[in-house]
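Beneath this line is the structure, given in structure tokens, with notes to follow.
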Amino acid sequence: MEIPRTNLTLSFIFLCLTLVSALSLSSFSPTDNHLINCGSSVDAAVYSRHFVSDDDSSNPNSPLLSATRTIPLANQKPAPSSHQIYNTARIFKKPSKYAFEIKDPGTHMVRLHFYPFVSSNLDLNYAQFHVLVNGYVVLSNFTVANVATPLVKEYFIWVESNKLVITFLPTRRNEFGFVNAIEVMSAPKDLIADMAILVNGNKTEKFDGLTKQALETLYRVNVGGPKVTPFNDTVWRTWVPDDGFFESSELSSRIYFSGRIKYQNGGASREVGPDFVYNTARVISSTNASIPDANMTWEFPVMEGYQYLVRLHFCDIASMSLGLLYFNVYINGHLAYENLDLSSITYMLASPFYADFVVDSDGYGFLRVSVGPSNMSMVHTVDGILNGVEIMKMSNSVGSLDGKMCAGMVLRSWPRGNFGILFPLVAVVCLLLSLSVLMHKRTVGTRDSVAWSKLPTDVPEDNVKPSNEYLSGKVDVSSRSTDF
């Protein structure tokens with residue numbers, strides 16, 4: 001049962017929250033901040049952020065390293081309400097890459113923007129391609145067809161070198177790939193912690209090394225609240241409402257808090273979660289003298305064969321005083337956190353906290369999160385609360401977030417052409433050139449000269465080491481010098 005509110009009251013509350021949030025947002029300024037408007041010769045602004053053109057003829061610092069083998073494409077009929085970055089795209093008909101200079105080693109956020117449009121020359125709905133980021137396979141046989149709104153794929157990649165390389169490869173010679181915009185920026189230092197709780201059946205263990213994993217954001221949910229746009233998030237994220245994932249419960253209700261969220265040093269920061277997420281929640285409460293025998297549950301479709309990072313956001317905006325809220329957290333039906341007492345962690349109300357869990361899917365392609373009363377819950381109080389959920393896929397043993405092919409196999413999948421025909425042709429050409437040079441020498445004599453040759457442009461796999469990449473599952477593309 002939801003707390004009755006009129007539309008006017010709700011609008012007023014969220015207007016107040018917007019004003020409070022706008023006044024209190026800390027300004028996050030990433031050291032590495034590359035925003036690229038792909039396929040355009042002009043820059044673009046989105047949410048007061050400046051996306052620069054990737055046209056290397058107008059931008060000498062363009063990260064695009066293969067512009068001569070790519071095609072800029074413009075949408076001749078852009079929607080009036082669409083952002084400018086979705087009105088152009090960079091088309092890749094051969095393996096191509098962007099290389100970004102990295103000044104701040106550590107975790108970086110990578111966002112790839114896709115919005116297929118139809119131009120007079122090409123229909124982007126028919127694109128099919130792979131994408132690698134610093135040797136991780138992030139997209140394999142990827143297509144974006146008939147989507148009503150732009151698709152943004154977000155990744156967290158650990159970078160130790162001074163470059164981050166994004167590689168686009170069409171699946172076959174007659175296919176192509178594309179991208180509308182790219183973001184590469186330093187992640188806040190407290191955004192991805194190195195340690196999490198591994199939920200293994202009914203046992204929980206310590207999980208170390210999370211920051212070195214490649215992660216893909218699948219879900220970012222504002223529980224009990226409205227959509228949060230990048231304008232209201234210090235790291236320019238989008239949080240969607242939980243209605244499509246929440247399994248209805250008569251004992252649960254939404255709550256809204258118009259006070260100030262009390263961020264503390266060492267706790268969740270605004271970069272971890274904005275005010276809008278912690279100002280709303282769903283709760284389960286006692287309605288009489290007995291504690292409810294029920295949980296609140298959210299269900300998320302996921303792919304089998306991967307581990308997932310589940311981040312749960314909590315902020316006690318419901319209790320009247322400290323020490324009244326105790327509850328359990330379950331993931332896939334297993335007890336992940338027993339008798340969670342936010343008071344003993346934050347020592348104050350309305351102060352945010354988050355917990356990270358590493359889990360597998362349930363074997364049926366779903367991941368379920370539940371919150372409900374514990375054996376320490378009390379009557380006439382709140383017996384469970386949840387403010388936000390984030391779910392991220394973790395790279396598998398071959399360094400992929402999309403399939404079982406490692407980066408080396410993906411690079412080798414690009415066809416090298418018919419060498420049975422090519423070799424005799426090259427031999428004949430070389431023979432003719434040799435005869436021509438010999439005759440020329442006899443005519444004019446030998447002269448000193450400086451020879452040059454272009455680098456090969458159609459053999460991107462030459463620098464792939466055949467011996468150990470299948471074992472490591474991770475290819476350091478950033479260390480290669482070959483320009484696709």
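Along the sequence shown, residues are numbered consecutively beginning with 1. Because only heavy atoms are used, hydrogens play no part in the values below, and waters and symmetry mates are left out as well, while side chains stay in.
- Val118 and Asn75 make their closest contact through O-OD1, 4.0 Å (heavy atoms, listed as atom of the first residue, atom of the second, distance).
- Salt bridge absent: Lys189 and Glu271 never bring a charged side-chain N and a carboxylate O closer than 4.0 Å.
- Geometrically, Lys393 engages Tyr306 in a cation-pi contact, judged by NZ or CZ lying under 6.0 Å from the ring centre and within 45° of the ring axis.
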Item to check | Stepwise side chain to side chain contact (heavy atoms under 4.5 Å, CB included) test for Val159 and Asn134 | outcome: CA-CA 8 Å; Val159 182; Asn134 263 29; 4.1 Å; yes

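- Within a 6.0 Å sphere centred on CG of Asp208, heavy atoms belonging to other residues, nucleotides or ligands number more than 12.
- The backbone N or O of Ile261 lies less than 3.5 Å from no partner atom in the side chain of Asp275, so there is not a single donor-acceptor pair.
- Taking the six-membered ring for Trp and thresholds of 30 and 60 degrees, Trp239 and His313 have ring planes more than 60 degrees apart, a perpendicular arrangement.
- For the atom pair Trp298 CH2 and Asp242 CG, the distance stands at 6.5 Å (nearest 0.5 Å).
- With Asn328 as reference, Asn339 is the one residue of Asn375, Asn295, Asn339, Leu340 to meet the side-chain contact (heavy atoms from CB on, under 4.5 Å) rule.
- With ring centers used as reference points, Phe168 lies 6.0 Å or more from His130.
- No donor-acceptor pair under 3.5 Å is formed between the side chain of Ser319 and the backbone N or O of Leu322.
- Ring-plane geometry between Tyr219 and Phe245 is classed as perpendicular, the angle between the planes exceeding 60 degrees on a 0 to 90 degree scale with a lower cut at 30.
- Side-chain atoms of Val144 and Phe142, non-hydrogen and from C-beta on, do get closer than 4.5 Å to each other.
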Q) Please walk me through it: do Ile166 and Leu164 pass side chain to side chain contact (heavy atoms under 4.5 Å, CB included)? A) CA-CA 7 Å; Ile166 303 177; Leu164 183 144; 3.7 Å; yes

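- Looking at Lys163 and Glu101, no side-chain N of the basic residue comes within less than 4.0 Å of a carboxylate O on the acidic one, giving no salt bridge.
- In terms of modelled atom types and a separation under 3.5 Å, the side chain of Asn87 and the main chain of Pro78 share no donor-acceptor contact.
- Side-chain contact between Lys153 and Glu216: present, with at least one pair of heavy atoms (C-beta onward) separated by less than 4.5 Å.
- For an aromatic pair to be called close, the ring centres must be under 6.0 Å apart, and Tyr155 with Tyr136 fails this.
- Using a 4.5 Å heavy-atom cutoff, the side chains of Ile331 and Leu367 are in contact.
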- May I have the step-by-step check of side-chain hydrogen bond (donor to acceptor under 3.5 Å, both in side chains) for Ser269 and Asp190, ending in yes or no? CA-CA 8 Å; Ser269 65; Asp190 62 343; 2.7 Å; yes

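- Side-chain contact check for Val221 versus Phe300: some heavy-atom pair is nearer than 4.5 Å.
- For Asn387 (side chain) and Cys315 (main-chain N/O), a donor-acceptor pair under 3.5 Å exists by modelled atom type.
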Q) Would His83 and His113 satisfy side chain to side chain contact (heavy atoms under 4.5 Å, CB included), going step by step from the backbone distance to the final call? A) CA-CA 11 Å; His83 291 298; His113 296 252; over 6 Å; no

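- Considering only residues two or more places apart in sequence or on other chains, Asn121 meets the side-chain contact (heavy atoms from CB on, under 4.5 Å) condition with Leu73, Ser119.
- Salt-bridge annotation for Asp316 and Lys262: absent, with no side-chain N of the basic residue lying under 4.0 Å from a carboxylate O of the acidic one.
- Note: Phe176 and Phe92 fail the aromatic proximity criterion, with ring centroids not under 6.0 Å apart.
- Shown are Asn180, Leu112, Asp55, Ile182; of these, the side-chain contact (heavy atoms from CB on, under 4.5 Å) with Cys38 is made only by Ile182.
- A salt bridge does not link Asp362 to Arg368: none of the charged side-chain nitrogens sits closer than 4.0 Å to a carboxylate oxygen.
- Salt bridge present: Arg311 and Asp356 bring a charged side-chain N and a carboxylate O closer than 4.0 Å.
- Scanning both residues, Pro274 and Val228, for their nearest heavy atoms gives CG-CG1, 4.5 Å.
- Figure legend: Arg90 and Phe178 shown without cation-pi pairing, the cationic atom not lying both under 6.0 angstrom from the six-membered ring centre and within 45 degrees of its axis.
- Looking at heavy atoms from C-beta onward, Asn222 lies out of side-chain contact with Val240 at the 4.5 angstrom threshold.
- The backbone N or O of Met405 sits nowhere less than 3.5 Å from a side-chain atom of Ser140 that would complete a donor-acceptor pair.
- Residues Ser186 and Phe28 come closest through the heavy atom pair O-CZ, 3.3 Å.
- Atom CZ of Arg111 sits about 7.0 Å away from atom CZ of Phe156, to the nearest 0.5 Å.
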Could you check Leu349 against Ile317 for side chain to side chain contact (heavy atoms under 4.5 Å, CB included), going step by step and ending with a plain yes or no?
CA-CA 6 Å; Leu349 298 177; Ile317 56 175; over 6 Å; no

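- Separating the OH atom in Tyr337 from the CZ atom in Phe357 is a distance of 7.5 Å, to the nearest 0.5 Å.
- The distance from the CD1 atom of Ile36 to the CD1 atom of Ile85 is 11.5 Å, given to the nearest 0.5 Å.
- Remark: side-chain polar atoms of Asn37 are paired, donor with acceptor, to backbone N or O of Val42 under 3.5 angstrom.
- Judged by distance alone, the side chains of Asn141 and Thr171 never bring a donor and an acceptor atom under 3.5 Å apart.
- Rounding to the nearest 0.5 angstrom, the gap separating the CD1 atom in Ile255 from the CG atom in Asn279 is 10.0 Å.
- Panel note: side chain His108, backbone Gly106; a donor-acceptor pair is recorded below 3.5 Å.
- Between the side chain of Ser351 and the backbone N or O of Met348, no donor-acceptor pair lies under 3.5 Å.
- For Tyr115, there are no ring-ring contact (aromatic ring centres under 6.0 Å, His included) partners two or more places apart in sequence or in a different chain.
- Between Tyr308 and Met394, the shortest heavy-atom distance links the atoms C-SD, 3.9 Å.
- Side-chain contact between Val371 and Ile385 is absent, with no heavy atoms from C-beta onward closer than 4.5 Å.
- Side chains of Arg282 and Phe246 form a contact here, defined as non-hydrogen atoms less than 4.5 Å apart.
- From Phe117, atom CZ reaches atom CG of Leu122 across 8.5 Å, with rounding to the nearest 0.5 Å.
- Side-chain contact between Asp54 and Tyr98 is present, with heavy atoms from C-beta onward closer than 4.5 Å.
- Under the 4.0 Å criterion applied to side-chain N and carboxylate O atoms, Arg220 and Glu154 are assigned as salt-bridge partners.
- At distances below 3.5 Å, at least one donor-acceptor pair connects side-chain atoms of Ser343 with backbone N or O atoms of Gly323.
- A donor-acceptor distance shorter than 3.5 angstrom exists from the side chain of Ser53 to the backbone of Ser40, with no hydrogens or angles considered.
- Contact record, Ser395 with Gln213: OG-OE1, 3.5 Å, taken as the closest heavy-atom pair.
- When all heavy atoms of Trp236 and Pro30 are compared, the pair lying nearest together is CH2-CD, 4.3 Å.
- Checked against Asp383 for a side-chain hydrogen bond (donor to acceptor under 3.5 Å, both in side chains), the options Ser285, Ser286, Ser374 give a single hit: Ser286.
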